[in-house]
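Sending over a structure as structure tokens; questions will come in a sec.
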Amino acid sequence: MNKKSKKYFSEAKQILVGGVNSPVRAFTAVGKNPLFIKKAEGAYIFTEDDQRLLDYVLSWGPCILGHAHPNVIQSIEKTIKNGLSFGAPSVLETQLAKLIQEFMPHIEKIRFVNSGTEAAMSALRLARGYTKKKFIVKFNGCYHGHADPFLVAAGSGNLTLSKPDSEGVLESTSQYTLVCDYNNSEQLTHLFNENGRDIAGIILEPITGNMGVIPPTETFLSTLNKLCKTYDSLLIFDEVMSGFRCHKNGAQALLNTTPDITILGKVIGGGLPCGAYGGKAEIMEKIAPEGPIYQAGTLSGNPIVMASGIATLTELKNTKAFETAEQSCTFLCEELRKQLNKDHYCIQNQGTMFSLFFKKGPIQNLTDVQNCNLKQFPKFFHALLENNIYWPPSAYEACFISCQHKAQEIQHTVKTVKKSLSTIQN
Ligand code: PLP
């Protein structure tokens, strides 16, 4: 099995760093070779070895309509005939911006970029430029892309002494990122008591996906809001993953919270590279050319990407695609909860995302995730794969569902998860 993938991987490793263009794809956390994918359709991906896999990764979230949705493909095909890139305004940018605003009315103005990373790093510059403050607060386990200020870990002992979490990140950069535990209001309050006047903003995944699906507690959420108000810091919701996934209108609607800046990516590009950041006009107007904060991009607002995003969001707006995916996700999670031993497993889900944690719940922060029985995960992953289910190849990642995951797929998943868990116990 996977003979071709093996061969292609060894070829790729000769020329591509680690054989991949994003580390998690190398399957390091689960061992064995990564699978090479030759096509994807609906809820399935197809490997070079012709294995058809039910996909719970969905390109790490974007493909909420399933792969190669006909309307998205059609929209791209129509647009592509008119040229690939103009480096000049097109009406498609305004159309996608307005669509996003319909879903997230707090976004008064928006700027498109090419990835979530770019959106997060630009939002951070905006927060600093707008508030004229240096520090940013982030949370352990939340991911905001790979820009320097976010590759930072909490220093031991002293909360305010952060350190680089990657070689190549300077301490002079990491020192301005303060790191705190998710859902820990006391720590956060302490951090603000010490540094509040210098904090430009708090950035967080309002419902996390990068350490699995974890919602904020009510106390945590109200503390975030209160501290931002008291200290004139900006509340920055990184909805690259949660937007159009945890709730059709973003986690901000679900949590009834108005962030100052929202960061988007993934679904808004429908599978093509796209990111965006937006928020209150008064803040966004500080960006060039309206204001003094510089940010630009040769391919930003690319017409093909915009066409893909427009088709995807139009589908979410005009059909029950989101609701279908959400129902499938809820049903799957309820069935799994019925079948699995609560003392050993916990399922957490929101909208069209879910996580199976190898530990008694609830899971509230990164420490809880790290205390899961992580050793079981690689075996579980491969047991699923043998039964044609493609789960994210890392215990820390959330699973994604599309509107093409129908009853038949869900039934198969419930049975296979149960079987795989019992196999790996033996
Ligand atoms: N923010 C969040 C919440 C993400 O999940 C990700 C990627 O997974 C990013 C930012 C970075 O986005 P990208 O990979 O498009 O740079």
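All ligand and atom numbering here is 1-based and tracks the order in the structure. When a residue number appears, it is its place in the shown sequence, counting from 1.
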Going by the closest heavy atom to atom 8 (O) of ligand 1, which one wins out of H144, E239, E118, K266? K266

Do F380 and F358 have ring centres separated by under 6.0 Å? yes

Check ligand 1 against G116 and write out every atom of the ligand that is under 4.0 Å from a heavy-atom position of the residue. 11 (C), 12 (O), 13 (P), 15 (O), 16 (O)

Roughly how far apart are I110 CD1 and I107 CD1, rounded to 0.5 Å? 4.5 Å

Is W60 near ligand 1, meaning one of its heavy atoms is under 4.0 Å from it? no

Please check if the distance between the ring centroids of F381 and W391 is under 6.0 Å. no

Taking only heavy atoms of D238 into account, list the atoms of ligand 1 that are under 4.0 Å away from them. 1 (N), 2 (C), 3 (C), 10 (C)

Work out which heavy atom in I293 is nearest to a heavy atom in G129; give both atom names and the distance. CD1-CA, 3.6 Å

In ligand 1, the atoms that come under 4.0 Å of a heavy atom of E205 are 3 (C)

What protein heavy atom is closest to atom 3 (C) of ligand 1, reported as residue, atom name and distance in Å? Y143 O, 3.2 Å

Pairs involving residues 56-65, ordered by first then second residue, that meet salt bridge (Lys or Arg N to Asp or Glu O under 4.0 Å) (sequence neighbours left out): none

Listed once per pair and sorted, the ring pair (Phe, Tyr, Trp, His ring centres under 6.0 Å) pairs that draw on residues 230-279, sequence neighbours left out: F103-F244, F192-Y231

Provide the number and element of each atom of ligand 1 under 4.0 Å from a heavy atom of S115. 15 (O), 16 (O)

Check this for me, if you would: do K248 and E326 make a salt bridge, where the nitrogen-to-carboxylate-oxygen distance has to be below 4.0 angstrom? no

Residue T117 vicinity, atoms of ligand 1 by number, heavy atom under 4.0 Å: 11 (C), 12 (O), 13 (P), 16 (O)

Atoms of ligand 1 less than 4.0 Å from N210 heavy atoms? 2 (C), 3 (C), 4 (C), 5 (O)

Taking only non-hydrogen atoms of G145 and a 4.0 Å limit, the atoms of ligand 1 in range are 9 (C), 10 (C), 11 (C)

